[in-house]
Each structure stands twice: as C-alpha cells, then as structure tokens.
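Below you'll find the structure, written out as structure tokens, and then a few comments.
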Amino acid sequence: MTSEEAPAARDVAVVAFAQTDHRRSTAESSEVEMLMPVLHDVLAQTGLKTADIGFTCSGSSDYLAGRAFSFTMALDGVGAWPPVSESHVEMDGAWALYEAWTKLLTGDADTALVYSYGKCSPGSVRDVLTRQLDPYYVAPLWPDSIALAALQAQALIDAGHTDEPALAAVGARSRADAAANPHAQLKGRQPQGDYVVRPLRTGDCPPVGDGAAAVILAAGERARELCARPAWIRGIDHRIEAHGLGVRDLTDSPSARLAAEKAGVFERPVDTAELHAPFSAQEVILRRALRLGDDVRVNPSGGALAANPVMAAGLIRIGEAATRIHRGTSDRALAHATSGPCLQQNLVAVLEGDPR
Amino acid sequence: MSKEPVAVTGIGQTKHVAARRDVSIAGLVREAARSALDDAELTWADIDAVVIGKAPDFFEGVMMPELYLADALGAVGKPMLRVHTAGSVGGSTALVAAGLVAARVHGTVLTLAFEKQSESNAMWGLSLPIPFQQPLLAGAGGFFAPHVRAYMRRSGAPDTIGSLVAYKDRRNALKNPCAHLHEHDITLEKVQASPMLWDPIRYSETCPSSDGACAMVLTDRAGAARAPRPPAWMLGGAMRSEPTLFAGKDFVSPQAGKDCAADVYRQAGIADPRRDIDAVEMYVPFSWYEPMWLENLGFAEEGEGWKLTESGVTELDGDLPVNMSGGVLSTNPIGASGMIRFAEAALQVRGQAGEHQVDGARKVLGHAYGGGSQFFSMWLVGSMPPDA
C-alpha cells in the first residue's frame with residue numbers, strides 16, 4: 001500500500017486536564033493520595049469512569065519514589081478492575097501521552113487516560129538526577145542538575161545570546177504570570193536571590209516541588225462529545241540527542257527544532273507556547289530553536305520556573321496549552337516537554353481548536 | 001480504521017550469562033541491537049525510532065538509562081521511548097514499538113530490552129524499605145510460593161509437576177546457544193534433590209539472575225517485502241493490568257491474564273488455542289507457573305493444566321511445546337525476559353530457531369507477566385501476514 005492509499009489518520013484531542021496544587025512538600029500524603037484527586041477531577045470533567053477508558057498510560061520515576069515498581073501503587077489508585085489495557089513509561093508523562101496518542105491512532109481505543117506524578121520532597125532531587133548520567137564516567141563525580149544547567153547558561157552568555165539581566169527577566173515574567181495560576185508553587189514577585197551556581201541565581205532555577213497531573217485524550221467524534229472545544233493534536237514528535245555534554249552544542253536544541261518540524265509547528269504560526277524550561281536560560285534556547293517571536297505568549301501558566309514537579313512538568317505543559325484552547329484563549333498552541341540533562345530529549349506537540 | 005501489519009524482520013540476543021564483565025551496559029545493548037540489525041540486513045540509518053524497556057532502574061543503579069544509552073543505540077536525532085511495566089516490560093516494550101508501526105507513525109522501529117543484573121544487586125533493588133507499605137522480605141519466590149500452593153490444592157496436581165517443568169526447560173536450554181544455564185549433567189533426580197527454597201519451590205525450579213539483552217526490528221509491509229529472511233507477522237497483541245492486591249483477586253489465574261489472552265485470540269482469529277496455536281514461549285520464572293499459565297491462557301480447562309505437563313504435551317517434541325528456548329527458568333535478564341519470549345516466538349515461525357526449532361511452527365504465542373501477577377503482555381506471531 002502506498003501512502004496515498006493509506007486511510008487518513010484519526011484526529012485525537014486533549015479533552016480534559018487536571019493537576020494538583022504543586023507544593024514544596026507533601027509529606028503527609030503518599031504518591032497515590034496525591035494522585036487520586038487529580039484522577040477524579042479529570043474523569044469528572046468528562047463524566048467518564050475508569051471502566052469507560054480504552055487505554056491508560058502513566059509516567060513516573062522509581063528514583064523519585066525511592067523504590068522499585070513504584071507505579072504499581074499508582075495503578076491501584078486508578079482502580080484497574082475489571083482489568084484495564086494499560087502501560088507505563090519511566091519518563092515524563094508527556095511521553096506517556098505520546099504512547100497513548102499512538103494507541104488511539106491504531107483504532108484500538110477511542111479514549112485514553114494519561115497521568116504522571118513526582119514527589120521531589122523526600123530526597124534531594126539535585127542529587128537524585130545525577131544518577132541519570134553515564135554510570136561509569138560521569139555519575140561517580142555527582143555533577144548535579146543545577147551545575148549542568150549553569151554550564152549551559154554560561155555557554156549561552158558566552159555566545160552572546162543572553163545576559164544575566166535577561167535571564168532574571170525570564171524568571172520574573174514567569175512568576176508574575178504564575179500569579180494567575182492557582183496551582184503554581186512560586187507566584188508573583190520573587191527575589192532573584194544569590195548565585196546557586198554561577199551564572200544561575202535562585203530565580204533562574206525551578207522550585208523543588210511535588211505534584212501530579214492527568215489528561216484525557218479522545219479520538220474523532222468522541223472528543224466532540226466529551227469537550228465543547230477539543231484541543232486537537234495536529235502533530236506530536238520527540239527526539240533525543242547524544243548524552244555526553246561535550247559532544248553537544250549546549251547553546252542550541254537541534255532535537256527540539258527537529259521535533260517541532262516533524263510536529264508541523266513551522267507550517268503556521270502559533271499564538272501560545274508552553275515550554276518545559278526548568279532553567280531560565282533554557283527558555284532562551286528553546287525560543288530560538290522553536291522560532292518563537294515576541295508575539296507568541298510563552299508560558300502563561302508560569303511554566304516550570306513557577307512549578308516543576310519532576311515527571312509531571314512536561315505533561316502539565318500539554319495540559320496548560322490544551323486548557324487555553326478549551327477556554328478559547330488560544331487557537332493554535334505549542335506544548336513542549338524535556339528530559340535529561342541540558343535539554344537532551346525534547347517533545348513538541350501542536351494543539352489546535354476548531355475554527356471559530 | 002485500519003492498522004498497518006507489523007512484521008519482525010530482525011532478531012538479536014546476547015549470550016546470556018551471570019555477569020558480562022567484559023562490556024558496559026551500553027556495550028551489552030549495542031551487541032543485541034547490532035545482531036538484530038544484521039539479521040534484518042539493515043543499518044542504524046534505516047531505523048526511524050527506538051523503544052527500549054527494562055525492569056526497575058534500581059537493578060543497575062542508573063536512573064532513566066535511555067538517556068545514557070541514546071548514543072549506543074543509534075538513537076541520536078531520533079525518537080526514543082522507554083517503557084517500564086515490571087516483569088512484563090520486555091513484552092510491553094515490543095508492543096509499544098509495534099504500535100508505532102501499526103499506527104503508521106514510523107516505518108521501521110528498533111526495540112530492545114535488557115538487564116545487566118551484575119552491575120548491582122537486584123535483591124537490594126527490590127527490598128528498599130517503604131514507609132507504610134508491606135515489605136517484600138523474601139524475594140519474588142516468597143511472594144509466589146503461596147499461590148503455587150493454592151494451585152496445587154485447587155487442582156489436585158501431584159507435587160512432581162514442578163520438577164518435570166524444570167527438567168524439560170533446562171534440557172531445552174541445552175539446544176539454545178543464547179541460554180544462560182547449560183546444565184549438561186541435568187537429571188530429573190537432581191532437580192528433585194535440589195534444596196527447598198520456598199516450599200514447594202526448589203532451587204532448581206527457579207530462574208537464574210542473568211545479564212543479557214534482546215532486540216528486534218519491527219517494520220511495516222513495505223519493510224517486510226525488502227527483508228532478506230522470512231518475517232514473523234504479528235497477528236495479535238495486547239496488554240492488561242489489574243491491581244496488586246484486592247479482595248477477590250485470583251492469584252492462581254488472574255483475570256487480567258485471561259482478558260489479555262482473549263483479546264489476542266480475538267485479534268488473531270484463534271477459536272481454540274489448544275488446536276490453533278503450535279507452540280508457546282511462556283513467562284515461567286518458577287516451574288509451577290507452566291501448568292498455571294496453561295490454564296490461564298486457555299490451553300487447558302481449570303485444574304487440568306498439570307496433566308498437559310505430566311503427559312509430555314509441553315515437551316519440545318510434544319503436541320504443544322512450551323519454552324523451547326529453555327525459558328525464563330534457564331535465562332532471566334529480568335527486563336529482557338519478556339522480549340526474549342516474544343522474540344523466540346518470532347524465531348519459531350520464521351523457522352530460525354535452530355536446534356530448538358519446532359517443525360512446522362506457524363502460529364506461536366509469546367507471553368510475559370509482571371508485578372504481583374498483575375501486568376500481562378502477549379503477542380501471537382505467524383509465518384503468514386494477517387490478511388493472508
């Protein structure tokens with residue numbers, strides 16, 4: 001069969017989104033207890049029950065939970081009875097959404113529940129993330145996530161793409177926007193603070209926090225039944241780069257650019273972009289790679305600089321972008337998620353509402 | 001809606017051993033991937049996306065190792081997904097990769113699963129103390145032994161069945177050059193005389209800890225047409241999950257396993273699995289799970305599975321061979337074990353299984369499970385495409 005004869009791909013949309021109020025610590029509750037209200041919320045928005053969902057997919061990390069098979073407990077919270085068609089990625093929930101999207105494209109399911117969660121408070125996430133690095137040559141040196149981001153920021157400054165005041169402005173704008181976001185952790189005017197690792201100050205870094213998020217996807221007419229204005233996924237793609245920082249140009253994000261191209265971002269302008277840029281300098285890099293002009297509303301939610309529950313922050317970007325389409329405050333939005341040190345892996349989605 | 005048919009055109013495994021001290025994790029996975037590419041006569045450039053899976057990150061002590069492995073697996077500039085569904089992960093990973101092809105998102109996908117258990121301590125990885133949760137103190141065998149007991153009580157199976165399975169699988173492993181355990185002096189008496197670990201599970205009825213990786217090249221119809229060797233065609237594939245513990249859970253024959261098999265059979269047009277399926281690669285980490293899963297998968301009536309085992313039906317030359325490769329009982333790089341089942345099923349229908357080939361195997365089931373018998377993934381592969 002040639003591609004001309006292939007049947008048109010199904011239209012798949014985000015029809016509901018829910019998230020926790022992200023907080024510095026949720027010591028009083030387990031991951032499941034943190035996740036449950038979000039699952040109830042997203043199901044209630046559509047009137048669906050667990051048994052109505054065609055496919056379930058989640059994203060999380062055992063290393064944050066501090067135990068093996070941590071996702072099994074979360075599945076118990078879903079109430080997987082009768083048994084469900086279900087899968088899990090050890091990645092940010094944005095990639096769980098990608099897996100669910102492919103499942104809906106095959107026609108094996110018409111609806112999907114996607115969720116992810118991360119509790120950073122039990123340990124030092126700065127230390128924990130060092131365990132992502134090459135286990136033989138790099139991880140034994142314990143270079144932490146802020147130190148690596150600082151290398152990237154300094155490379156960007158050295159290349160003349162930004163300076164410290166511009167980075168401070170990214171943080172200030174994010175937290176000012178977050179004032180209107182009831183779920184954000186850091187809101188309104190925040191001090192830029194002292195250097196954490198030069199050139200990054202406290203204000204250039206994300207808050208450490210706990211949180212969860214959930215999305216419901218639906219295909220075709222089912223999406224219209226469940227949502228007044230579905231956020232159609234017009235394209236979604238993700239790409240990875242080499243792991244070693246020494247073989248990458250840290251001032252650029254070719255994987256984000258390629259994912260955006262494959263997702264169709266550059267075919268028409270977007271009005272909104274929710275970028276998963278935990279560090280201020282990363283927003284500068286992504287704006288260039290994704291060719292976002294000053295007319296694009298970037299991170300109206302406040303972005304990861306206002307709340308960064310690891311493993312959920314990427315899915316939240318998709319949810320925030322979709323919500324703006326649901327509300328009619330955006331017609332074509334870009335959503336982005338990242339994983340790995342210094343933007344190693346990037347996912348880009350284009351969401352659109354029906355023409356008005 | 002129509003799905004693109006999915007073909008397996010390349011399969012690669014490492015020689016599974018207790019400790020591969022000569023290679024890094026990256027070296028291990030690249031070996032399997034390279035072998036699968038060679039089988040398909042493809043290069044890294046022919047691969048559109050990479051989907052990898054493994055059991056918990058704590059087993060090697062590397063968080064989200066797909067990041068570090070991107071270079072070794074030729075994934076730079078490509079999409080790379082990382083699946084984790086406990087012990088069923090090898091199967092789930094293959095199914096996620098197959099989904100990319102079926103959805104026509106990608107034409108050719110490399111999928112790989114691995115475990116390099118010698119890097120760390122799997123028992124430690126499973127035994128971290130968690131506040132307010134029941135600790136798993138006795139390892140996996142301690143969890144599963146009571147359910148084997150329940151099966152024996154329910155079915156009236158004689159206590160000799162478990163050793164028959166182990167004896168069969170270890171003999172089958174002798175015909176599989178990739179298998180970890182090659183016990184040339186194995187006898188039934190030796191199995192039966194091995195120490196009791198978790199009554200009724202004896203030492204020789206348990207799986208080893210292995211280092212190993214398994215990879216497959218999955219492709220669409222056009223890719224299959226270019227393949228140098230006969231492809232295996234995916235005729236059905238499904239995943240099902242149920243909660244770990246709840247009132248009414250049947251640990252002997254979980255509903256999720258039954259539902260998963262039923263979905264696969266529906267997709268593949270299998271009316272009677274006992275008649276229509278030629279062989280099974282089944283996830284049997286403790287020998288008694290062969291008769292248990294024979295029932296769960298619909299090959300025998302409830303309480304009758306052990307009779308198939310006892311009468312020799314599941315032997316390599318039997319009417320329904322089970323674990324021709326030697327199975328998980330002979331080779332267990334945990335995260336890869338499910339994919340090895342899937343890959344061995346595909347090898348059989350391609351007629352490429354060498355000394356452990358079943359003559360005339362046309363439809364073979366690959367099966368994996370994980371967690372507290374709560375995650376299931378299966379595929380049925382055939383020598384002919386689904387519309388033929």
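Lettering of chains follows the sequences in order, A, B, ..., and the numbering in each one begins at 1.
Annotation: maximal heavy-atom pairing with chain B below 4.5 Å, among A:Val78, A:Val247, A:Asp62, A:Thr102, occurs at A:Asp62.
Between A:Asp76 and B:Phe246, the closest side-chain pair of non-hydrogen atoms is not below 4.5 Å. Residues B:Gln255 and A:Pro82 are not in side-chain contact: their nearest non-hydrogen atoms beyond the backbone lie 4.5 Å or more apart. Side chains of A:Met311 and B:Met64 form a contact here, defined as non-hydrogen atoms less than 4.5 Å apart. Taking the side chain as every heavy atom from C-beta outward, B:Arg104 and A:Leu105 never approach each other to under 4.5 Å. Proximity of B:Thr85 to A:Glu86: side-chain heavy atoms (C-beta onward) are nowhere separated by under 4.5 Å. At a threshold of 4.5 Å between non-hydrogen side-chain atoms, the residues A:Tyr136 and B:Tyr68 count as touching. Within the 4.5 Å cutoff, no side-chain heavy atoms of B:Val51 are placed close to those of A:Glu99.
Taking all atoms of both residues into account, the shortest heavy-atom contact from B:Leu67 to A:Gln344 is O-NE2, 2.9 Å.
Distance check: A:Glu90 CD to B:Glu66 CD gives 8.0 Å after rounding to the nearest 0.5 Å. We find the CD1-CZ distance between A:Ile240 and B:Arg82 to be 11.5 Å, quoted to the nearest 0.5 Å.
Ring-plane geometry between A:Phe71 and B:His84 is classed as perpendicular, the angle between the planes exceeding 60 degrees on a 0 to 90 degree scale with a lower cut at 30. Using a 30° and 60° split on the angle between ring planes, A:Phe69 and B:Phe59 fall in the perpendicular class, above 60°.
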